[in-house]
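Reading through the structure tokens given below for one structure.
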Amino acid sequence: MENTVSNPIESTIENNLLHIHELLAKGEFIEAMKTYLHDDVELREANEVPKKGKAFNVKFEQDFINNQLEEFVRYDINNYSVNGNHSFYDAVMELKLKDGSTMLSEQAVVTEWKDGKIYRERYYHA
């Protein structure tokens with residue numbers, strides 16, 4: 001993945017995004033969230049109602065990990081782009097769940113950044 005940005009805001013976002021991608025590729029979802037979510041974040045799955053607040057979203061994710069996740073398989077990031085205070089990337093996530101099923105999600109992730117943190121993020125799934 002190679003991308004070039006031209007201003008300091010975009011450079012900060014790109015550096016943070018690349019670090020997030022490193023964490024997600026290792027399955028370190030909680031670490032990524034604690035480090036990069038803005039306190040007033042809104043995360044939204046497709047057309048669902050946004051989940052608001054860093055504390056709520058971290059707890060929601062931790063509950064999923066504790067109650068449903070059997071094994072992290074992969075999180076592969078393909079292309080990404082940064083423009084102003086927005087970023088975009090596409091990824092494939094694969095998880096094995098405790099019920100024996102496999103969750104395979106191809107997604108596009110669109111993010112609005114504020115103060116170097118994820119402020120609003122939306123996941124489009126296939």
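Scope of the values below: all heavy atoms of this structure, side chains included, with no hydrogens, waters or symmetry mates.
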| message | I need the L24 CG to I77 CD1 distance, nearest 0.5 Å. | response | 5.5 Å
| query | Is the F29-F72 ring centre distance short of 6.0 angstrom? | reply | yes
| field | Side-chain H-bond candidate by donor/acceptor type, Q107 with Y89, under 3.5 Å | value | no
| said: Side chains of N66 and Q62 only: does a donor on one sit below 3.5 Å from an acceptor on the other? | reply: yes
| message | Could you go through E61 and F56, starting from their C-alpha distance and side-chain angles, then the distance that decides it, and tell me whether this counts as side-chain contact (heavy atoms from CB on, under 4.5 Å)? | response | CA-CA 9 Å; E61 189 73 11; F56 177 85; over 6 Å; no
| Within residues 103-124 or reaching into it, pairs that qualify as ring-ring contact (aromatic ring centres under 6.0 Å, His included) - sequence neighbours excluded | H38-Y119
| task | Carefully, step by step, assess R74 and D76 under the rule salt bridge (Lys or Arg N to Asp or Glu O under 4.0 Å). | result | CA-CA 6 Å; R74 65 185 170 125; D76 299 328; 2.9 Å; yes
| request: Give a yes or no on whether F64 atom CZ has more than 12 heavy-atom contacts from other residues, nucleotides or ligands under 6.0 Å away. | output: yes
| task | Indicate whether any N or O donor in one side chain lies under 3.5 Å from an N or O acceptor in the other, for H21 and Y75. | result | no
| Between CD1 of I20 and CD of E121, what distance do you get to the nearest 0.5 Å? | 7.0 Å
| When you measure from the side chain of N7 to the backbone N and O of I9, does any donor-acceptor pair fall under 3.5 Å? | yes
| query | Residues two or more places apart in sequence or in another chain: which of them pass salt bridge (Lys or Arg N to Asp or Glu O under 4.0 Å) with K59? | reply | D63
| Between the side chain of T35 and the main-chain N/O of E31, is any donor-acceptor distance below 3.5 Å? | yes
| request: Could you tell me whether E70 and K96 have a side-chain N and a carboxylate O separated by less than 4.0 Å? | output: no
| query | Under the 3.5 angstrom rule, does the side chain of D90 hit a backbone N or O of N79 as a donor-acceptor pair? | reply | yes
For residues 39-53, dump all side-chain donor-acceptor pairs below 3.5 Å to protein atoms at least two apart in sequence or in another chain.
from, atom 1, to, atom 2, distance (Å)
R44, NE, E48, O, 2.8
E45, OE1, H125, NE2, 2.4
N47, OD1, R122, NH2, 2.8

| message | Main chain of G116, side chain of N16: is a donor-acceptor contact present, judged purely on distance under 3.5 Å? | response | yes
